[in-house]
Amino acid sequence: MEPRHTISVWVDNTPGVLSRVTGLFSGRGFNIESLCVAETMDPAVSRITILSTGDEQIIEQIIKQLHKLINVIKVVDLSELDHVEREMALVTVKAEDKSRAEVLRIADIFRCRVVDVSPHTYTLEITGNHEKIGAVLSLLKNHGILDEVRTGTLAIQRSKKD
Amino acid sequence: MKKMTGAQIFLECLKREEVKHIFGYPGGVVLDIYDELTRHPEIRHILVRHEQAAAHAADGYARASSKVGVALVTSGPGATNTVTGIASAYMDSIPIVVFTGQVPTALIGNDAFQEVDIVGITRPCTKHNYLVKDVNQLAYTIHEAFHIARSGRPGPVLVDLPKDIIQARTVPEFPKEIKIRSYQPTYHANPRQVKRALEMIMAAKKPVLYTGGGIILSNAAEELRVFAEAMQIPVTSTLMGLGGFPGDSPLWMGMLGMHGTYCANMAVSESDVLIAVGARFDDRITGKLSEFAPHAKIIHIDIDPSSISKNVSVDIPIVGDCKDALHQLYDLLQDKPPRDWAEVRAQWLDTVHDWEKRHPLTYAWSDTVIKPQYVVEKLWELTKGEAYITTEVGQNQMWAAQFYKFKRPRQLMTSGGLGVMGYGFPAAMGVQMAKPGATVIDIAGDGSIQMNIQELITVVENELPVKIAILNNSYLGMVRQWQQLFYEKRYSSTPMRAPDFVKLADAYGAVGLRATKPEEVVPVIQKALETPKPVIMDFRVEPEECVMPMVPAGKAMHEMLLA
């Protein structure tokens, strides 16, 4: 598989900008694995985190083409830097009789939070990197997942340690 | 300052941008602008007969004048009809601003009459576009649009104007300067990179300058000539770069690529250092990518970083304005100990000239039937190489590129990137508006001229004495050529009937002339050039003539067919 890149894009927070960014990806045949977008502390600026795959040349083109958009302020390929990544998933799991305790145990091991309870289900909030969420979901699958939703990847550069 | 309507602000902005000509077509939502136009005699509006022509005319105007071309159309179909023209300007990096009317803001999204999301439609084919939602933003947006269109790598910008914004009133604020934090093109090339490049060029044994439209857009022809002559480097260019280097210079090798000269393609294939300036390694240039310039280190100068290392990997990238970079290269060369470059290059230039002599651009002469290349040659001779030439797309475009020897930048206007049939004639209107008194010739085919032939009445009405030379072969010639060469002569949907162009010219109030024999070519051209009116010249040419040389699609440049 081609290497994954996590790209942070700061953009003007104006209508149509997201569509310019995603249109660029579809129009030029670039890949989007996941995408997160929200306003920053400066309400005039939004920050988009894009997870994409491609060889070096493709990633270079993606970054250059993003820069070319008038509304794009800054682009950083976080994969080239020391950074932290997080995703979140909300998942509703069947939990009856014996499995009620087991589901809670899994939740505890992976530091998930229970955000909703019914006599037959738990809804868990899982945060972590892509792999951890995958691991939790595969464990919970045996108990019966009734509903699930995941965010894309969020990423931030680590601060210097010295 | 007193309150102004959106329409008044619009025209005041155009005045401040020194716009003298608009190509357009009115309609429901832009009525207020057209009404206001009656109070601005300093701005001339040319009423086209199809909005596509307005965009192409603005494009031709921009290329010939080096100003920003302007088109104004109504919403819905008016807007969608400009899309081809916008996309063509985008591919060729031509600065135009297209203003489209839009339904009132309250109706946007309601599928109102003549509503279309033109900002959405043109997002991938404009450099930038806007929907103006507040009349207080109107003046700034218009000036920003012009700024973006003309700066950096130029391109088309679209501004969508809802009817209620055009009618709203406010006290406008006209910006003195435009600053966009996220848009600051790099004009000044990095001196360290330039130094590295010069050292590589100085060490080269077989250098080639491969130039493109960037030379024309950045007005760098003089810098290119001075640098090429100083270091005695042979020059080839893309279609878009023709005129950027004098066609009569001993260093000129002609165009490269699919229909480039044998000499240019061989020189690039054999070169050890390829200096690309304002060109973008388009597939029509490179042929089979893996075998393009296989021995060459590549230096690439371009103002758009995304053009660099897009198709080929580059050894020395230089982001910046071509003019600035070439200037720096030359200046830096002056600091070096002088060398006799003519002597250093003698062997390489001998090889180049030998290729030139071995396979020059040529065609088989006929006494009985007109050869299309002959027509272009005679057009060149009889206009002394001074005419402004526009082309349509197909064989006509390639013969114009091969046989009209362009002397100056901005002499050729052609839809190079998008390849729009129907571009040449409306573009010629734009050129003639920008260059009144100059000879403007659209070199056309019988197919492509029919794509925007309705503009005949526009040139007649506006007394634009544009000349159209139709190389009439009763085929869609270039497609037929591919069918002949690669589809065993199965001429599927390429034989084509055309109207009687002479009668048609007459019906529109233009002059129609026809040549069916070789000896009639010169008198017809002479007559057309003497006629101070729009003229159609219908040249009945050899129907199955092919454009040669030709690098078949997917083949390497040195694998070209010669005849």
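Below, each value reflects all heavy atoms present in this structure, side chains not excepted, and no hydrogens, waters or symmetry copies. Every chain is numbered from 1, with letters handed out A, B, ... down the list of sequences.
In this structure, CZ in B:Arg181 is found 4.0 Å from CD1 in A:Ile73, a value given to the nearest 0.5 Å.
If you tally non-hydrogen atom pairs under 4.5 Å between each of A:Gly27, A:Ser19, A:Pro15 and chain B, the highest count goes to A:Ser19.
Ring geometry for B:Phe99 versus B:Phe146: interplanar angle of 30 to 60°, hence tilted.
Contact annotation for A:Asn71: both backbone and side-chain heavy atoms come within less than 4.5 Å of a heavy atom of chain B. Contact of B:Asn129 with chain A is made through backbone and side chain together, with heavy-atom distances under 4.5 Å. B:Ile148 touches chain A through its side chain: at least one heavy atom from C-beta onward sits under 4.5 Å away, while N, CA, C and O do not.
Residue pairs meeting the side-chain hydrogen bond (donor to acceptor under 3.5 Å, both in side chains) criterion with at least one partner in residues 34-48 of chain A, sequence neighbours excluded, are A:Ser8-A:Arg47, A:Asn13-A:Glu39, A:Asn13-A:Ser46.
Using a 4.5 Å cut-off on side-chain heavy atoms (C-beta onward), B:Phe174 and B:His143 make contact.
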